[in-house]
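Bear in mind the structure is a predicted one, so any value in this text is a computation, not a measurement. Throughout, a chain's letter reflects where its sequence line sits, starting with A, and its residues are numbered from 1.
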Protein chains: 2
Amino acid sequence: MHATLRDPEPPLTRSVEDYLKAIYHLSSQGGFAATSDIAALLEVAPPSVSGMVKRLSETGLIEHVPYRGVQLTAQGRRAALRMIRRHRVLEVYLSQQLGYDWDGVHTEAERLEHAVSDELIERMAKALGDPQYDPHGAPIPTAAGEIEEAELVPLADAPIGAVIEVRQVADEDAARLRYLAEQGLTPGTLLTVTERQPFNGPTIAKLRPSGEARVVGQELARSLWCRVVTP
Amino acid sequence: MHATLRDPEPPLTRSVEDYLKAIYHLSSQGGFAATSDIAALLEVAPPSVSGMVKRLSETGLIEHVPYRGVQLTAQGRRAALRMIRRHRVLEVYLSQQLGYDWDGVHTEAERLEHAVSDELIERMAKALGDPQYDPHGAPIPTAAGEIEEAELVPLADAPIGAVIEVRQVADEDAARLRYLAEQGLTPGTLLTVTERQPFNGPTIAKLRPSGEARVVGQELARSLWCRVVTP
DNA sequence: TCAAGTGATTAGCATATGCTAAGACTGATC
DNA sequence: GATCAGTCTTAGCATATGCTAATCACTTGA
């Protein structure tokens, strides 16, 4: 009801959608997304970001504090979450219905997310039984724009002895994702951290229930986000 | 083998892909596609077409005879057929796997065709059992770029008394497509033309085997392309 | 054969997006 | 508090695509 009464938001370009997604990801932790970080994520030069930032703040999608960074407005956040829903539903669909690998879905979804209609996304979601998580374990926003905010810690910071569940893999590199899949370190896996080497060394964990040991280097252990099941 | 050795053709923009498709359709009968026809089909102003035509002939995708019109080169034709394959595979996929209506697939495919990868199209085609025709009966080019060229006549010209098969509906208007579906006039339907009213009047045909009569106005009968089964 | 009309092209401009080079700001260090 | 390194922004430009208005060329009818 309310949604249909709202002013019809004008269609956004592909670029704009990419900027909004980037800003969402970069500002989800701290408050502001920095120009140079946006530039690095989107692989454009910083002045291109400045230009786009000006346009986006004029249309009310972001707030810009010069020399500080940008934040999404409510409208910008809505648009960003819509893109993220599209991306993640597409990832699940491609991997479950079309046999894509866990590590190959990202690139395809990256292009499709700008072209699909809302109707197609909802049909895909329904065909999949309205999934809550994408293949990398990231939560899928609802069509209404709500997203689960879970308390997760990187495996590298997980307390020794705790039972933890791998929830999310924050890495898009196909080779790394493939490696994690081979190691059985996919969302849903339960682990006990047994040991952590000093000086940013690897984390050592046992798979549950099998008890097999896994040695996870510092870098990977930073991108494996986990939920602490029993401390 | 050969395909992988060919120079990697540079990615085309969405606009360019649309122009090539339009030129393919407009020049499939006669030799040349006229500027004004391209402009009408793509809903742009004629000078925009002139500009694009210049760029496309510089990159070798089309041949331009000033004041005459344009034709696709071999390279342009290859690119156009690739888009048409994408479009039609998408239409079949959307209608068979995601429950889209016969008349609703076109718009969605129109946007997606520019974003999907070749790999996704081949996965969809395989999941569908490599279909030969799209939901409107149009032939789907092969991945290698071959397309069936059938001898079809509009229902409006079909000989009286002949048994004919509806093969293809050359109309994109959703309401008209829905109407034809209601009337049972979809690709594969067999008919006998019993009568044609003079002065461009309607064609009257009987469905086979049921014998039910259908009165088809001149305009629709021009967009229903048929194969003559027995003269 | 030539003039009119239709259709195509060119000229000139607008917008979105990107770039490099140069200048402006901020925060940390002495 | 002054300076410097790093970051951000502005200036100026390029490309792709679109538009309108004006001009040009082909065809056809008188």
Side-chain polar contacts of residues 217-225 of chain A - donor-acceptor pairs under 3.5 angstrom, sequence neighbours left out - could you list them?
{"unit_1": "A:E219", "atom_1": "OE2", "unit_2": "A:R176", "atom_2": "NH1", "d": "2.8"}
{"unit_1": "A:R222", "atom_1": "NH2", "unit_2": "A:D157", "atom_2": "OD1", "d": "2.9"}
{"unit_1": "A:S223", "atom_1": "OG", "unit_2": "A:L220", "atom_2": "O", "d": "3.1"}

What is the distance, rounded to the nearest whole Å, between atom [atom1] of [X] and atom [atom2] of [N]?
X: B:L26; N: C:dG7; atom1: CG; atom2: P; result: 15 Å
X: A:R14; N: C:dG18; atom1: CZ; atom2: P; result: 10 Å
X: A:E58; N: D:dT9; atom1: CD; atom2: P; result: 14 Å

Could you walk me through whether B:L120 and A:L112 pass the side chain to side chain contact (heavy atoms under 4.5 Å, CB included) check? CA-CA 11 Å; B:L120 179 52; A:L112 286 173; 3.6 Å; yes

Consider only side-chain N and O atoms of A:Q71 and A:S27, and report whether a donor and an acceptor are under 3.5 Å apart. no

For a quick check under 3.5 Å, do A:E108 and B:S117 share a side-chain donor-acceptor pair by atom type? yes

Taking only heavy atoms on the protein side, list every residue of residues 62-70 of chain A lying under 4.0 Å from any atom of DNA chain C, sorted numerically. A:Y67

Stretch residues 38-50 of chain A: residues that reach within less than 4.0 Å of DNA chain C through a heavy atom: A:V44, A:A45, A:P47, A:S48

Can you tell me which residue pairs pass the ring pair (Phe, Tyr, Trp, His ring centres under 6.0 Å) test with a partner in residues 89-126 of chain A, sequence neighbours excluded? A:H87-A:H106, A:W102-A:H136

Considering the options B:R88, B:E146, B:Q132, which one meets the side chain to side chain contact (heavy atoms under 4.5 Å, CB included) requirement together with B:P139? B:R88

Determine the sole option in B:L90, B:I121, B:D118 for which the side chain to side chain contact (heavy atoms under 4.5 Å, CB included) test with B:R85 is passed.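 It is B:I121; the other options fail the test.
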
N/O contacts under 3.5 Å, protein versus nucleotides 13-16 of chain C?
none

Taking only residues at least two apart or on different chains, which pairs with a member in residues 12-26 of chain B satisfy salt bridge (Lys or Arg N to Asp or Glu O under 4.0 Å)?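 Checked against salt bridge (Lys or Arg N to Asp or Glu O under 4.0 Å) - neighbours excluded - the pairs reaching residues 12-26 of chain B are B:R14-B:D18, B:K21-B:E110, B:K21-B:E113.
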
Does the side chain of B:S36 get closer than 4.0 angstrom to OP1 or OP2 of C:dA8 through an N or O atom? yes

Going through the checks in order, is the side chain to side chain donor-acceptor pair (under 3.5 Å) test met by B:Y133 and B:Q168? CA-CA 9 Å; B:Y133 299 99; B:Q168 188 169 344; over 6 Å; no

Ion pair present between A:E119 and A:R123, side-chain N to carboxylate O less than 4.0 angstrom?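 Result for this pair is yes, salt bridge flagged.
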
